[in-house]
Amino acid sequence: MTLTAADARHLLRRAAYGGLDHEVAALTGLSRAAAVDSVMDTAGFVHAELVPSVTKSSGERRRLAHWWVEQMTTSSAPITERLFYFWHSHFACSSDRVRDQRLMKHQHYAFRAYGLGGFHSLLREISFGAAMLIDLDNASNVAGDEQENFARELMELYTIGNGSFSEDEVISVARAWTGHNLDTDASPDEYAFYSDRHDKHDKTLFGITKKWDAQDTIDELVNGVRRDHTAWFLATKLWAEFGDPSWASGPLITHIADTLKANDMKALPAIEAIFLRDEFWAPERRHGMVKPPLPWVVELQRRTGIRLSESRLDQRCDTMGQRLFLPPSVAGWGHNTAWLSGMSLLGRARVAAEMSSDAQKAGFFAGLGDLPPDEAVDMILEGFGVPDASTGTRNVLEEWYIDAAIRDDLSDSWLEREAFRVGAMLPEVNLA
Amino acid sequence: MTITLSRRHFMGGAGAAGLVTALPLTALADFAGAAPPDSTDGLLLTVFLRGGNDGLNTLGPFNSGTYNDQRLSLAISPSSATSAGSGLWFHPSLPYLRQRYLAGDVAVFPAVGEPGNDRSHFSSTTTWMTGRDIGADRSTGWMGRWLDAQPDHVLGASVDGGRARQIRGELSKVVAVSRSSSDLLPKQSQYARGNASMWRHTHGGLNDIGNEFGAVLRNAAEFSSRLSPLYGDGVSRSSNRFVADLQRAAHVLNLGLGVRAVSATLSGFDTHSAQADRHSDLLSDLDQGLQGFFNGLLPALRGQTTVLVVSEFGRRVRRNSSLGTDHGSGGMAFVIGSRVKGGLKTAYPSLTDLTSRGDLKYQTDFRSIYSTIAEDWLDDDGERLLGTNHPSVDLFVGGPQGVGVAGFLDVDSAGYYAGALRWSAANGIVTGSTPTTFEPNRNMTRGEFATVMWRAAGSPSGGGHNRFVDVPTGAFYDQAVRWMVAEGITTGTAPNRFSPNDPLTRGQAATFIWRWRGKPAGSAPQTFVDVASGQFYTAAVGWMAAEGITTGTSPNRFSPHDPVSRAQAITFLWRDAGSPDA
């Protein structure tokens, strides 16, 4: 089975930030396996860091976010950036709570350094990282005065999911994590173990009674007695991110979970398994999920070569509800209807309007007014990489064009700008 | 459709108009459902003081040695000019709040809190905004959940950028009314601003989620464009950001777009250091904001509007070494409005009987306030809303009592047409001359009547060729008139004229409705002496009298040649529909 151009676009909407024409052409005609292999190729990924080092101040969050969006826009291995976003939303620490942006940066680099590898190492790095210790309060978790915040989320949000643990186990994990706090004399704060604050007694966890320590909990959750649960939970979340957040089946998740377990709990082979499943290619998956604001922005930047400035990116992402390093809750960002708020969509419209002038100057839709309606529609749809738009979309876009085109008080350049504003808000352009 | 002409060919070219009107018109987002609140619907503005307001320096005690000893240089020096009575004073930056308090319009809860006693801004703010404890689902705010449970046309607005979780629900019912000089619509696009039709093509037909995407976008654009009066000429706004926020909050309520809950935020209350001047400035912002809000609110809405002011916690009794105060408990909440039962709602908290951390002991769980507002002001169930049961507090002298009907302030709520107006507003049949005026006694034009009758018929799409030269494409009555032609309801005032701006006569109104209903036979004896046989309206009036749709202008007169008033017109349609409740 070989990929059609429409298949290639579908794959590139999920594995990358939309397909430019030459990228679509490169995949068209390939076998499914070869095409998936191609988008999963991470050889182009370089673990770059933002230099010079960011400072503590909250303004640096914007700078880091802007840098990351630029990485998304220009990466030659976009699947890696999509995965790093997945990890950020999974371990959803917030600048607002961590306060020190240097620590947010460290955590982000941990995603880059460990996110492509096994989940065990990644979970360890993040859990013992100062950002997490602050964000979920393990910094103040001491024997005799346990803080359960991190213990609960370690299981509920990061590994095995709600319903897979008891309240007693939350307490046991919290006790195992006592004394794993911060050295606040360091600058920035860094992880430190305080033996005198650690609960050295026996604890019972997952049916095992021993002198549990923090590292033991990670070992058992990822590689030990709870490995199946963690694999299932991660498989579910990966499918929601890359496949479909509103539909799944048992055999499908089992297959993804098995792939995780067979590959040292690495995410990339599991994502590859998702892309190779028939369910991924089913008609319901095509444009089946709402593109979050950032992939939408990144795709527009890629198509036009235009960049949002640091401050504008921050303001508009605020309106659209997706400011990096400021997830809405410890559970990260949502899917689909989470993005369908009027405020958020008007934010997109604003971005489109703001980009439209530069896009027009760059020649986007030049000569549109000379075209008969059906060809004008083609030009707009191709400009946004959705030539296979639905008939309904084509018809109403044609209506818009005719309506707009007969107005003699409007200039050609206006028409070209307006086409950008309209096109960027088409359903096909906003759904992945 | 086969069109092969380029833009240039049809710009201004002969036949262009015909070509375009032959296209099926795509219906705009039906935001007609945005019915204005009725005069007994409570409106709520919640102001969140972010950072933890220092209640002790907001409303403090006279002649308290403890206060002076603990607050040291931060102690306010009160005067009789700021007295609140009962041995208390208001901060000198709060003259408006004090004046309303002395008038009995402000309920003060001097020591509010929550059992969790949480000192984290994040966690405590979430608790206050959601009304739910740690461990419960805290993804939605208490006002948001209230909105979720209301009919579709009841909306919320935020004037603080839309980030406050208190008004966030599961449904998209909150519109951000932004600070910027324009709303969120792309300002370059006057075309979009004018009719929000830029995104009408987002109908799609792609798939369910694509359709939902389009619906949300269109509704937001439509609503947003209706906010344009907020930014028009002659709208003066304070240069103070927060005061401007609250002026906009009043304005969005005045517009009568269905907004019943508004969220506002004043940030900066986390005064760990150098508190004195900062706190004074913040309270001054609050005071001016409240004044700007109530002054900006239409007088008719004042009896149905309440303001709640809360903060995530109070502050430590003792001043710290940085000339500020640290996070404490026992915050202060205010409920303000002309229907509020004002005064100090609990005893002022003791400054000596403190918690082990040196904080005021709280006396009122803030959720009792939410619960009472929900039940007594917003017609909801407090326990349903919060998930937990909290005793009520004595907060209101009575329920919301605005003026007018369905948000229209120039109408008689006891008038014969009140039921018709409620029904037609709730069903989007009338939208008023402005959102708050209906002009019941003005003559209805033929174009207006065509439109309301078409809407009463469910705004059917389709419709025939427009043969009237005086019905321009895109006029508000264009679609309606074409539908009437297609249905045989109108033949015009001349073969090529509809005369849309002429007053409609009572005889014409009767005829239109009768033809719409398929020309049913009337059987009642003709009692109107001024309805002669053989007139175009004779059978129609007879049928209307038989059906009880008209009772005439007097027992024996129908006055067929008199213009029909707007109130009469909607009353005919309402009775024709069976006089339904709204």
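A note on names: the letters A, B, ... follow the listed sequences, proteins ahead of strands, and every chain is numbered from 1.
- Shown here are the side-chain contact (heavy atoms from CB on, under 4.5 Å) partners of A/Ser94, two or more places apart in sequence or in another chain: A/Asp96, A/Arg97, A/Asp135, A/Leu326, A/Pro327.
- Contact of the B/Leu217 side chain with the A/Met425 side chain is registered, since non-hydrogen atoms from C-beta on lie closer than 4.5 Å.
- Remark: A/Leu431 CG to B/Ile209 CD1 distance equals 6.5 Å, nearest 0.5 Å.
- Heavy atoms closer than 4.5 Å to chain B are found in the backbone of A/Arg286, but not in its side chain.
- Going from atom CG of B/Asn207 over to atom OG of A/Ser390 covers 8.5 Å, rounded to the nearest 0.5 Å.
- Of the listed residues (A/Glu284, A/Arg152, A/His287, A/Met289), the greatest number of heavy-atom pairs within a distance under 4.5 Å of chain B belongs to A/His287.
- The closest donor-acceptor contact from the side chain of B/Arg138 to the backbone of A/Ser329 lies at 3.5 Å or more, if one exists at all.
- Rounded to the nearest 0.5 Å, atoms CZ (B/Phe213) and CG (A/Leu426) are 8.0 Å apart.
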